[in-house]
K.L.:
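Questions regarding the structure given below will be posed in turn.
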Number of protein chains: 2
Amino acid sequence: MIDEANDTIDRDSYEPAYAQLVRILRRQIATGVFRPGDRLPSEAQLCERYGVSPMTVRRVINILADQGVVVAEQGRGTFVKPLELGTAIFDLDRLQQLFRDESQSQVKLLEVRIVPATERTARKLAIEVGERTIFIRRLIFQGENPMLLHREYVLYDPTRPIIEAEMEVTSLRGLFMGGNESALKWGDLAIDATVLTDDEATLLHSEVGAAAFRLEHIFYDFDNRPVSWGWFICPGDRLRFTAKVGIHDQETNNP
Amino acid sequence: MIDEANDTIDRDSYEPAYAQLVRILRRQIATGVFRPGDRLPSEAQLCERYGVSPMTVRRVINILADQGVVVAEQGRGTFVKPLELGTAIFDLDRLQQLFRDESQSQVKLLEVRIVPATERTARKLAIEVGERTIFIRRLIFQGENPMLLHREYVLYDPTRPIIEAEMEVTSLRGLFMGGNESALKWGDLAIDATVLTDDEATLLHSEVGAAAFRLEHIFYDFDNRPVSWGWFICPGDRLRFTAKVGIHDQETNNP
DNA sequence: ATTATACACTGATATAGAGAAGTCATTTGA
DNA sequence: TCAAATGACTTCTCTATATCAGTGTATAAT
């Protein structure tokens, strides 16, 4: 099973030695040469086997370790991690794609108003009830079809230049693509399951009571103060979050 | 702003030098010393500034790079990454906790049957329509309350020992916690938004039409053949996926 | 003025090796 | 017989050094 030709480091290759070794070991794990719970060869053995220095092997093990493929225990060895559902990682790629291609998606501003903060808004934005906030409602289209409904409360602060930027249709793209040089530092996100209300269904060309995702967000500035709070609504039949767990033998996806 | 005492590597500390430097740089980015788009000091400068070797700085930069905090460009420098929504990572921690404490959660087997594969099942499991599969229905409780409904189709193969293990109530825990030495290599996961059907609502003590998550899974063995396909149903008011984007100054969460 | 070259600076990769610290089986001593 | 000490492993951290490869700028030649 172990093919010598495919398990040797090619020093003339463009691909660095450490990357080759990562690939080789991942492949061996993926093909069952090393199975969950097994101990990998020691670092010294790997050095000799592949003709690389200890530091290079060290680096490889580190990479595999924080890829979650193996776990190294000092004094005992390096072991292949069993499959864990909890380590699944869901990302927002699909949502991101919406904003990647500007020609196929557009943002329609439905409403911009200055409103006093309600109890809930005040709590989320860490301000007093009644303080002024900017309420924004947007509808995001993919092609001809409405895809997302966005509601957002932004802190009203005339000294901040964010406000105008927030009202621009392109600001959303900035948030998703990272093109903005904004004062935003970090944010909290949460995904809920919900059903469409009357007006949501109308705007999104869907039906009342249809399943939907609710993606809530709070963004903070460099002083750790909330700047904006809002959420996206997306009908469940138009979005799906996917992930992979375990090793998926990147290259050779032969059936 | 830069406090010398907090920006020095303590060689007597238990915390390794590279970890300290990661923390220091993250903190400086989080507090706005370096802002998105800024260039970090060069590696040589960091060596001199903190009194560590180039390899150590190299390691620090690498760590920050695959944490997504910075991006290094050969010949130009290392730059602080702007906030990107798309990089948000949602995990299944909440679901994992369900199985962590066995005393507070239990699995009730509702149904186990051998059924011929329907068109959809056959497609998912890459088998022929009519081939035998094992259909399993489970209800997972947290304390006294039903939390998850699980449906699963497992490949019927007498030579495989998985089947019996799958029927054990503890097998689920194994999947989530990684305790099993199984023949499973990897899996595909997907999260949908849906609404509860009649029987789902009854079993989960909820209401028909209530918002719910649907977590679908397919697991594969070392030959890349599907072994099982199924999904969890969880009412939306009992589960929430959360994530953080950007830098969140891990330690100092002072308001 | 324009183009081509050389050089300094950046990160990227890799080597060799030392010492620390954890684990485990064996040996030694009471 | 039991417990402590030993030694052989393991991974972990870090230093020091070297070479390669991009990037940009200043300088020299055209």
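Computed from heavy atoms alone, side chains included, the values below leave out hydrogens, waters and symmetry copies. Below, chain A is the first sequence line, B the second, and so on; all start at residue 1. Owing to the predicted nature of the structure, the values given are computational and were not obtained by experimental measurement.
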K.L.:
Could you check A:Ile24, A:Leu46, A:Leu25, A:Val70 and say which one makes a side chain to side chain contact (heavy atoms under 4.5 Å, CB included) with A:Val60?
P.N.:
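Testing A:Val60 for a side chain to side chain contact (heavy atoms under 4.5 Å, CB included) against A:Ile24, A:Leu46, A:Leu25, A:Val70 leaves exactly one candidate, A:Leu25.
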K.L.:
Could you state the CG-C1' distance from A:Asp66 to D:dT11, rounded to the nearest angstrom?
P.N.:
16 Å
K.L.:
For B:Gln67 and B:Arg26, test the side chains for any donor-to-acceptor distance below 3.5 angstrom and give the result as yes or no.
P.N.:
yes
K.L.:
From the options A:Trp231, A:Phe232, A:Trp229, select the one residue that forms a ring-ring contact (aromatic ring centres under 6.0 Å, His included) with A:His150.
P.N.:
A:Phe232
K.L.:
B:Glu15 CD to D:dT13 C1': how many Å, rounded?
P.N.:
13 Å
K.L.:
Whole Å only: how far is the CG atom of A:Leu21 from the P atom of C:dA14?
P.N.:
10 Å
K.L.:
Side-chain N or O of A:Arg11 versus OP1/OP2 of C:dT15: is the shortest distance under 4.0 Å?
P.N.:
yes
K.L.:
Distance check: side-chain N/O of B:Tyr18 vs OP1/OP2 of D:dC14, anything under 4.0 Å?
P.N.:
no
K.L.:
B:Gly51 or A:Gly75: which one's nearest nucleotide on DNA chain D is closer to the 5' end?
P.N.:
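The residue closer to the strand's 5' end, by nearest nucleotide, is A:Gly75.
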K.L.:
Give the rounded distance in Å between these two atoms: CD of B:Glu48 and C1' of C:dC9.
P.N.:
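Computing the B:Glu48:CD to C:dC9:C1' distance gives 15 Å.
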K.L.:
Nearest whole Å is fine: how far is C:dG22 P from A:Glu43 CD?
P.N.:
16 Å
K.L.:
Do A:Tyr50 and A:Asp7 have side-chain N/O donor and acceptor atoms under 3.5 Å apart?
P.N.:
no
K.L.:
Name the closest nucleotide to the B:Met55 side chain, picking from D:dT11, C:dG11, D:dT15.
P.N.:
D:dT15
K.L.:
What is the separation between atom CD on A:Glu73 and atom C1' on C:dC24, rounded to the nearest whole Å?
P.N.:
13 Å
K.L.:
Does a side-chain N or O from B:Arg76 land closer than 4.0 Å to OP1 or OP2 of D:dG24, or not?
P.N.:
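For D:dG24, OP1 or OP2 has a side-chain N or O of B:Arg76 closer than 4.0 Å.
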K.L.:
Rounded to the Å, how far apart are A:Gln45 CD and D:dC9 P?
P.N.:
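The answer, rounded to whole Å, is 11 Å.
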K.L.:
Quick one: is B:Arg59 getting a side-chain N or O under 4.0 Å of the D:dT13 phosphate, OP1 or OP2?
P.N.:
yes
K.L.:
Can you check the B:Ile9 CD1 to D:dT15 C1' distance for me, whole Å?
P.N.:
14 Å
K.L.:
Under 4.0 Å: is that the gap between some side-chain N or O of B:Ser42 and OP1 or OP2 of C:dC9?
P.N.:
no
K.L.:
Is the count of non-hydrogen atoms from other residues, nucleotides or ligands lying under 6.0 Å from A:Glu48 atom CD greater than 12?
P.N.:
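Open.
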K.L.:
Is there a side-chain contact between A:Thr56 and the phosphate of C:dT15, meaning an N or O under 4.0 Å from OP1 or OP2?
P.N.:
yes
K.L.:
Between A:Tyr14 and A:Gly77, which residue's closest nucleotide on DNA chain D lies nearer the 5′ terminus?
P.N.:
A:Gly77
K.L.:
Here's a test of your reading of the structure: between A:Gln74 and A:Ser53, which maps to the more 5' nucleotide of DNA chain C?
P.N.:
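Looking at DNA chain C, the more 5' nearest nucleotide goes with A:Ser53.
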